[in-house]
Amino acid sequence: MKYNSFILFFVLSFLTVSCTDNLVDVGTGIQPISDGITVGADTFHVVTENIDIASMSTKPDSFLLGAFYDAKYGSTQADILAQVEGPTGYKYPTNAKPDSVVLVMKCLSWFGDKYAPLDVNVYQMDKKTFNFTDNIQTNLDPKQYVSFNDTTWLGHKVITARNASVVSSDSIWKIVKLSDNFKNRFFDDTKYASEKTFKDFFGGIYIKVNFGTSTLLNINTLYLESHYHYKVLRNGEKDSITLTGSLVFPANINVRQVNRIVHPDQAAVMAKLKQNNEVNYISAPANIQTSIVVPLARMKQRMDAKILNKNLTMNNVIIKAEVTELDSSTYGQPRVANLMIMKDSELSEFFKNNEIPSGSNAVLGSYVAATTSTAPYYSFDIAKLIATEIKTAATNGTALPEYLTLRLVPVDVTYNSNNVITAVKQQNSMSAVTIRSGKNKVSPMRIHAVYSGF
């Protein structure tokens, strides 16, 4: 028995010394270094819960449009509200006449059934528009922006995702011809005099899907295009030719667009999912997330006791979120690619302030694929996050909170050419994953901690 204990101590000590890059010094101990090194390892149980997410604040690079029903995660409906940038100072050629105004959407991919029809209606935002700096939620009410009358209705078309990944005129470019009434109103270059003049004249468009439960399009380009013609005289006034032109009004980074995403049956779905407490669920965009309650004070107390109140250093504190109930159906949602863990209380400010995960505020998970003997899982080393909480309490002279509530959030991550993270946003594309909960009978979610005392 003593021999086995010695071997365990030697292995842990070697791990502690050899992995110095992962050490996180809490700095609250009272013993000098000369007293030697004490190594500890512990497992702590956590409490997990499904959290319904009504909305999120985001400025997406692409937009979902359509509707999809999933038997497990429920319904997702996605519309688009978008400002377009006006051509400040532009003047149409003399004697120009309008031909048409069209809405152009570029669809590079889709989720669901590519042959399922989507009934698309286009309206004008006439009540109010967006301020560029507004923190707009994805569950916004379109009635605050659109009157929904004959004047604000601009156009209609039934489209599909058919061949959306193939370059062809009827697939990538989804074109909706807008009404003649709007064409004539929009063809007014006096309204292009300034950015404010144009915004007061035209607040934007609302693109709404009326029916469909099987397809969501990924729209990555959106603009209005005004087509016109005009005559040019030749040989004095003896004859003339007719020329055509077009003017683009892009929905770009200079103006605001919002992807309205709602889950109409979310309450019923949550009630159904909570009947099984052995698993938790994560579904994007803005649908379901998982909270993890960590016994922070008990962890600190147990670690201090094992290292005899020496200076506490954490080698690693690992949470494993094991994946289960993998969906292999034709229209099953893809697995969440990137999961991030962070303090529940700081979630909104993190994304509002465009923060980057540093370890002390949030941690990106690493996905580990399944082997012949283990299930796939996401791994999070929260050592720095836990150490930050302990240090903050010690610095402020306050009691360490009994519990720390964390949140698993699906995110989109952007890297630069050096593989450095430059942006993290809440995910706005379809994906989901089911993980084992803190009450799972096969393998409950828990924390594995290795730490040292100096």
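Bear in mind that the values here come from a model prediction, so they are computed numbers and not experimental data. Sequential numbering from 1 along the given sequence is applied to the chain's residues.
At a cut-off of 3.5 Å, with distance as the only test, a side-chain donor of Lys72 or Thr434 sits close to an acceptor on the other residue. Thr371 and Thr374 share a side-chain donor-acceptor pair at under 3.5 Å. Side-chain N/O atoms of Asn416 and Thr422 include no donor and acceptor closer than 3.5 Å. Side chains of Gln83 and Thr129: a donor-acceptor N/O pair is present below 3.5 angstrom, by distance only. Judged by distance alone, the side chains of Asn316 and Asp381 never bring a donor and an acceptor atom under 3.5 Å apart. With 3.5 Å as the limit, one finds no donor-acceptor pair spanning the side chains of Thr215 and Asp113. Between the side chains of His156 and Asp119, at least one donor N or O sits under 3.5 Å from an acceptor N or O.
Residue pairs meeting the salt bridge (Lys or Arg N to Asp or Glu O under 4.0 Å) criterion with at least one partner in residues 417-430, sequence neighbours excluded, are Asp61-Lys425. Sorted by first and then second residue, the salt bridge (Lys or Arg N to Asp or Glu O under 4.0 Å) pairs involving residues 245-269 (not counting sequence neighbours) are Asp79-Arg260. Sorted by first then second residue, the ring pair (Phe, Tyr, Trp, His ring centres under 6.0 Å) pairs that include residues 356-382, not counting sequence neighbours, are Tyr367-Tyr378. Identified under the ring pair (Phe, Tyr, Trp, His ring centres under 6.0 Å) test for residues 247-266, with sequence neighbours left out: Phe186-Phe249, Tyr192-Phe249, Phe198-Phe249.
When Val120, Val122, Val84 are each tested for a side chain to side chain contact (heavy atoms under 4.5 Å, CB included) with Leu103, only one passes: Val122. Of the candidates Ser379, Ser437, Ser443, Ser443 is the only one forming a side chain to side chain donor-acceptor pair (under 3.5 Å) with Glu322.
Residues satisfying the side-chain contact (heavy atoms from CB on, under 4.5 Å) criterion with Asp52, sequence neighbours excluded, are Gln266, Met270. Take Glu225 and apply the side-chain contact (heavy atoms from CB on, under 4.5 Å) test, not counting sequence neighbours, and it matches Val102, Val104, Tyr223, His227, Ser246, Val248. Residues forming a side-chain contact (heavy atoms from CB on, under 4.5 Å) with Thr133 (at least two apart in sequence, or on another chain): none. For the side-chain hydrogen bond (donor to acceptor under 3.5 Å, both in side chains) test, residues two or more places apart in sequence or in another chain that qualify with Tyr90 are Tyr228. Evaluation of the side-chain contact (heavy atoms from CB on, under 4.5 Å) rule for Asn353 yields Glu349, Glu355 as partners, not counting sequence neighbours. Applying the side-chain hydrogen bond (donor to acceptor under 3.5 Å, both in side chains) test to Tyr281 and every residue at least two apart in sequence or in another chain returns nothing. Here Asp126 pairs with Ser147 under the side-chain hydrogen bond (donor to acceptor under 3.5 Å, both in side chains) rule; sequence neighbours left out.
The side-chain heavy atoms of Phe63 and Asn259, taken from C-beta on, include a pair separated by under 4.5 Å. Within the 4.5 Å cutoff, the side chain of Val317 has heavy atoms near those of the Met299 side chain. The closest side-chain heavy-atom distance from Thr242 to Tyr230 is not below 4.5 Å. Here the side chains of Tyr123 and Asn121 are in contact, with some heavy-atom distance below 4.5 Å. When side chains are defined from C-beta on, Gln77 counts as touching Pro264, because their heavy atoms get closer than 4.5 Å. The shortest side-chain heavy-atom distance between Leu65 and Ile207 falls under the 4.5 Å cut-off. Within the 4.5 Å cutoff, side-chain heavy atoms of Met430 are placed close to those of Phe68. Contact of the Arg446 side chain with the Phe44 side chain is not registered, since no non-hydrogen atoms from C-beta on lie closer than 4.5 Å.
Atom NZ of Lys128 is surrounded by more than 12 heavy atoms from other residues, nucleotides or ligands within 6.0 Å. More than 12 heavy-atom neighbours from other residues, nucleotides or ligands sit within 6.0 angstrom of CD1 on Ile241. Within a 6.0 Å sphere centred on NE2 of His45, heavy atoms belonging to other residues, nucleotides or ligands number 12 at most. Heavy-atom contacts from other residues, nucleotides or ligands closer than 6.0 Å to CD of Glu195 number 12 or fewer. When the shell of 6.0 Å around CG of Asp150 is examined, it contains 12 or fewer heavy atoms from other residues, nucleotides or ligands. Crowding of Lys127 atom NZ: a count of heavy atoms from other residues, nucleotides or ligands under 6.0 Å exceeding 12.
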What donor-acceptor contacts under 3.5 angstrom involve side-chain atoms of residues 404-413, with partners at least two apart or in another chain?
| residue | atom | partner | partner atom | Å |
| --- | --- | --- | --- | --- |
| Arg407 | NE | Asp344 | OD2 | 2.8 |
| Arg407 | NH1 | Gln289 | OE1 | 2.7 |
| Arg407 | NH2 | Asp344 | OD2 | 2.6 |

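Contact record, Thr88 with Ser194: CG2-CA, 3.9 Å, taken as the closest heavy-atom pair.
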Verdict with reasoning, Glu402 to Arg298, per salt bridge (charged side-chain N to carboxylate O under 4.0 Å, His left out): CA-CA 7 Å; Glu402 186 174 0; Arg298 181 159 56 86; over 6 Å; no

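The aromatic ring centroids of Tyr145 and Tyr206 lie 6.0 Å or more from each other.
Under a 4.0 Å N-O distance rule, the pair Lys300/Glu389 does not qualify as a salt bridge.
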